[in-house]
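Only heavy atoms go into these numbers, but all of them, side chains included; no hydrogens, no water, no symmetry mates.
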Amino acid sequence: MLIQLERATRIYLLGGEKIYGLRDVNLSIEKGEYVSVMGPSGSGKSTMLNILGFLDRLTSGRYIFDGEDVSSLSEEKLARYRNRTIGFIFQTFNLLPRMTAISNVELPLIYRGERRDVRLKSAREALASVGLSERMYHRPNELSGGERQRVAIARAVVGSPSLILADEPTGNLDQATGEEIIQILDSLHTAGNTIILVTHEEFIAEHADRIIRLRDGRIESDERVR
Amino acid sequence: MTYAGVRESFRTAISSLRVRKTRAFLTILGIVIGVATVIAIVSFIAGLDRTVEKEFASIGSSVLYVGKYPWIWTGKWYDYRRRPDITVDIADRLRERLTYAEYVVPEISDNGNVNYRSTTVEDVDIVGTSQDYIYIESAEVKIGRFLSEMENVRKRHSVVLGWGLFEAFGSDQKIVGRRVYIDGRPFKVVGVLARRGKSFGQERDNMAYVPINTFLKYARYKHKSSVNIRVKGRDIAEVGLLREELISTMRIIRGLKGYEENDFSINEMSQLLDMYASQTKNIYLAMVLIGALSLLVGGVGVMNIMLVSVTERTREIGVRKALGARRHDILIQFLIEALVLCWIGGVIGIILGFLIPFLVSAVTEFPFAISIKAVAVGFLFTTGVAIFFGIYPAAKAAKKDPIYALRYE
């Protein structure tokens, strides 16, 4: 079992009012699963992603990751978990604009303290795996949208994370390019990666083995599609 | 923070500064001016120190000066004025008694006009002195001879001209043996001194030397007739002994009782040197303060640009945190950026700080010396400013919540 949420609750205070991001959510995800998370805006998708990605902490309940209770980690530990176990893919790519593709991909390994030659080797391999060997020294503004997202995927996988979190990865792309990106995700899954994909498009969600639908911070349905 | 991270931070810092060249340049202007000021001042003073040391060395530190007044006043002027004059007679008695002294030379001077044929030179330094003056001053006779003992005893109207006067009178070698007029009185030229140049900015060639007894015969004001006595020791190592002997001998000559204070002053160059040191220390401090102030202003500028930079790069901070950057990774990244910014300013400032005094000393006679101390001071100052003013923006960056930062537009 890679992920386990037990009565996971996240409450935000907004002007003295309690807003539930997550409300008593119970959820387990196995290693190697490919899960889509769907739901209207405000349903708790982002909160769940932030919690699972160690960007945020639960207000109450437990988060067990790979057998360890990670509900109340220090900020330092959270950063360490993000660095070593999570690969983020964002809707807006979030590449650093002044850096070349390879420098962007190298970043997680810098924060891991890897040596330069190790970093460059891994970064080259990761870029090659998304078909960007020829564009390693281009900056984001010299790349197309699809290429940018492929750089971001390379950055997400360069450190061999336990979990890949993709937040609307095709949201800023046209349909054809979006398909390409989804195919890369599919192949990552085939290679054994655990992937959680947040999307609001049914046909993309259907690439996953399992679709979880959220509403008002609760799991509305959780179905296996494959 | 690993070594790799620091290196990456330097790269990031340089590339992010490159993107905003104009803004970075304007920001570091304060740093540049501050460092340049400090370096320039330190270089000027180092040059000045060197010149002063050289001049003091040329005068020799084994010379003591007996006078009615001290060089550095610690009491009331009228107390000094009440003292009896120092006379040529005292000089003669000191010369007889002092065992540690090589030369004892009385000296007094005033301004006067010197006329030769149709040329009159005004405002000449007329020095009344004795035959040993030439040795104590290590001056060189170019033509003829210096004053003799007999000329002093007999109060002869003899004069030795400085090189400046000699040139003013047409550089005529035959002037020796001829007559010049000092304030209307006839004096026979017995010699000409070689060029002596300047000392402490004072011209030493526009001078005329006459027997001191002759000088005193015509002294214009009674209260100005106290002479100064220069006493040169046989050995520089024995200056202390010479000083003690001089003071006790002077007290005997003056007939002072044990409880009475000295009614004369023993002066020496080292007192001036001390005063010079304490004076320049103050200038030094004032200038360093000015430099520090402009560095402070520069530092505020650095803080400002860093705060702007942190806000502009909120998203970048969010991304870095999502990828695993810890607080101190971000802190160090922005601190390094502030350091790079300040160091660039520091280097430009150091170069300017050397260039300005170098150019000034090339055009004027102002001395100049490169001081490694100045570079160290400039470097330390900029580093200090960078850390002091960079830490707050860097801490602000480090504290940003990654979720908020990732959503920031």
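Rounding to the nearest 0.5 Å places CZ of A:Arg98 at 11.0 Å from CZ of B:Arg18.
Listed here is the closest heavy atom pair of B:Leu323 and A:Asn83: O-ND2, 2.8 Å. Looking at every heavy atom in both residues, A:Tyr111 comes nearest to B:Gly324 through CB-O, 3.8 Å. Nearest heavy atom pair, residue A:Arg82 against residue B:Ala325, reads NH2-O, 4.2 Å. Across every non-hydrogen atom of A:Phe90 and B:Ala322, the tightest pair is CZ-CB, 4.0 Å. Heavy-atom minimum distance, B:Arg326 versus A:Ala79: CG-CB, 3.5 Å.
In this structure, B:His328 and A:Glu76 have side chains that are in contact, with non-hydrogen atoms separated by less than 4.5 Å. At a threshold of 4.5 Å between non-hydrogen side-chain atoms, the residues B:Lys321 and A:Glu75 count as touching. A 4.5 Å side-chain heavy-atom check between B:Leu406 and A:Leu55 finds at least one atom pair inside the cut-off.
For the residue pair B:Arg315 / A:Thr92, a side-chain donor-acceptor distance below 3.5 Å is found, with atom types taken as modelled.
Both the backbone and the side chain of A:Asn94 come within less than 4.5 Å of a heavy atom in chain B. For B:Arg320, the parts lying near chain A are the backbone and the side chain together; criterion is any non-hydrogen pair under 4.5 Å. Neither the backbone nor the side chain of A:Phe54 comes within less than 4.5 Å of any heavy atom in chain B.
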A:Arg116/B:Arg7 under side chain to side chain contact (heavy atoms under 4.5 Å, CB included): CA gap, chis, key distance, verdict: CA-CA 10 Å; A:Arg116 187 174 157 80; B:Arg7 233 173 74 156; 3.0 Å; yes
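Residues of residues 153-170 of chain A that come closer than 4.5 Å to chain B, counting heavy atoms only, are A:Arg155, ordered by residue number.
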